[in-house]
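I have placed the structure first, in the form of structure tokens, so that the comments after it can refer back to it.
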Amino acid sequence: IGNFLGGKFPFAQFERPTGLRDVLIAGCGTGQRSIAMARRFGASHMLAVDLSLASLGYARRKSEELGVSIAYAQADILELGTTGRQFDLIESLGVLHHLADPWAGWDALLSLLRPGGFMLLGLYSEAARRPVVAARARIAERGIGDGAEDIRSFRQDLIQSGDPQASILE
């Protein structure tokens, strides 16, 4: 993790940890990040939580298919303090800003962080979402349905058109 953090924050001065005992992925969704983090740091003490049982089921299936053993659980970030656990690394990407009180979510996660631990947060901004909003408007203008095949077809048309908006699909 020291190399990972040093690459992300080359001018930061911190004591580089020698290993991770416990990792929390708060709001793991379909497991993409938990699988990536498990591959990078190991999954032996990883807990990945989400509110959605459907997402957790998909994440578990994908993890099993890839031979990555991750502990998944349905949980509300605001209630995680009741577990009595603490973590060396907490990752929560694209989650806190969806809460009714994002600061309460931040406080809840912060209370789970071991002294000297690290937290990686990702928040959506209006500017970052502009391409998504534009793509949705384009879909609506063309009267494209919201079924999986409709969206796949739109995606392929956009890629093949060479349209600069296709960068949203990367």
Verify same cluster id: Val49, Leu120 (apolar side-chain graph, 4.5 Å): no
Met119 side, atom CE; Phe87 side, atom CZ - distance, nearest 0.5 Å: 11.0 Å
Arg138 and Glu141: CA distance, side-chain angles, deciding distance, salt bridge (Lys or Arg N to Asp or Glu O under 4.0 Å) verdict: CA-CA 5 Å; Arg138 200 166 177 176; Glu141 286 169 7; over 6 Å; no
Asp88 (side chain) donor-acceptor with Arg21 (main chain) under 3.5 angstrom: yes
Smallest separation among heavy atoms of Ile77 and Gly105, with atom names: CG2-O, 4.0 Å
Closest non-hydrogen atom pair, Cys28 against Asp50: N-OD2, 3.3 Å
Joint hydrophobic cluster, Phe118 plus Phe9, side-chain heavy atoms closer than 4.5 Å: yes
Nearest atoms (heavy-atom pairs only) where Met37 meets Ile25: CG-CD1, 4.0 Å
Approximate separation, where rounding is to 0.5 Å, of Leu47 CG and Asp22 CG: 9.0 Å
Value rounded to 0.5 Å, distance of CG in Leu24 from CD in Gln86: 11.5 Å
Joint cluster assignment, Leu113 & Leu80, ILVMFWY side-chain distance < 4.5 Å: yes
Smallest separation among heavy atoms of Pro102 and His97, with atom names: CG-CA, 4.2 Å
ILVMFWY cluster, Val95 and Leu56 together (side-chain gap under 4.5 Å): no
Pairwise distance CG(Leu110) to CH2(Trp103) - rounded to 0.5 angstrom: 10.5 Å
Least distance between heavy atoms, Ile90 atom then Leu109 atom: CD1-O, 3.3 Å
Contacts of type side chain to side chain donor-acceptor pair (under 3.5 Å), residue Glu65, not counting sequence neighbours: Lys62
Check: Ser55 main-chain N/O paired with Ser52 side-chain donor or acceptor under 3.5 Å: yes
Between CD1 on residue Ile144 and CG on residue Asp157, distance to nearest 0.5 Å: 7.0 Å
Short side-chain to backbone donor-acceptor contact, Ser63 and Ala59, under 3.5 Å: yes
Gln32, CD: over 12 other non-hydrogen atoms inside 6.0 angstrom: no
Residue pair Ile151 / Ile139: nearest heavy atoms and the distance that separates them: CD1-CD1, 4.1 Å
Cluster link Leu89 to Leu123, ILVMFWY, side chain under 4.5 Å: no
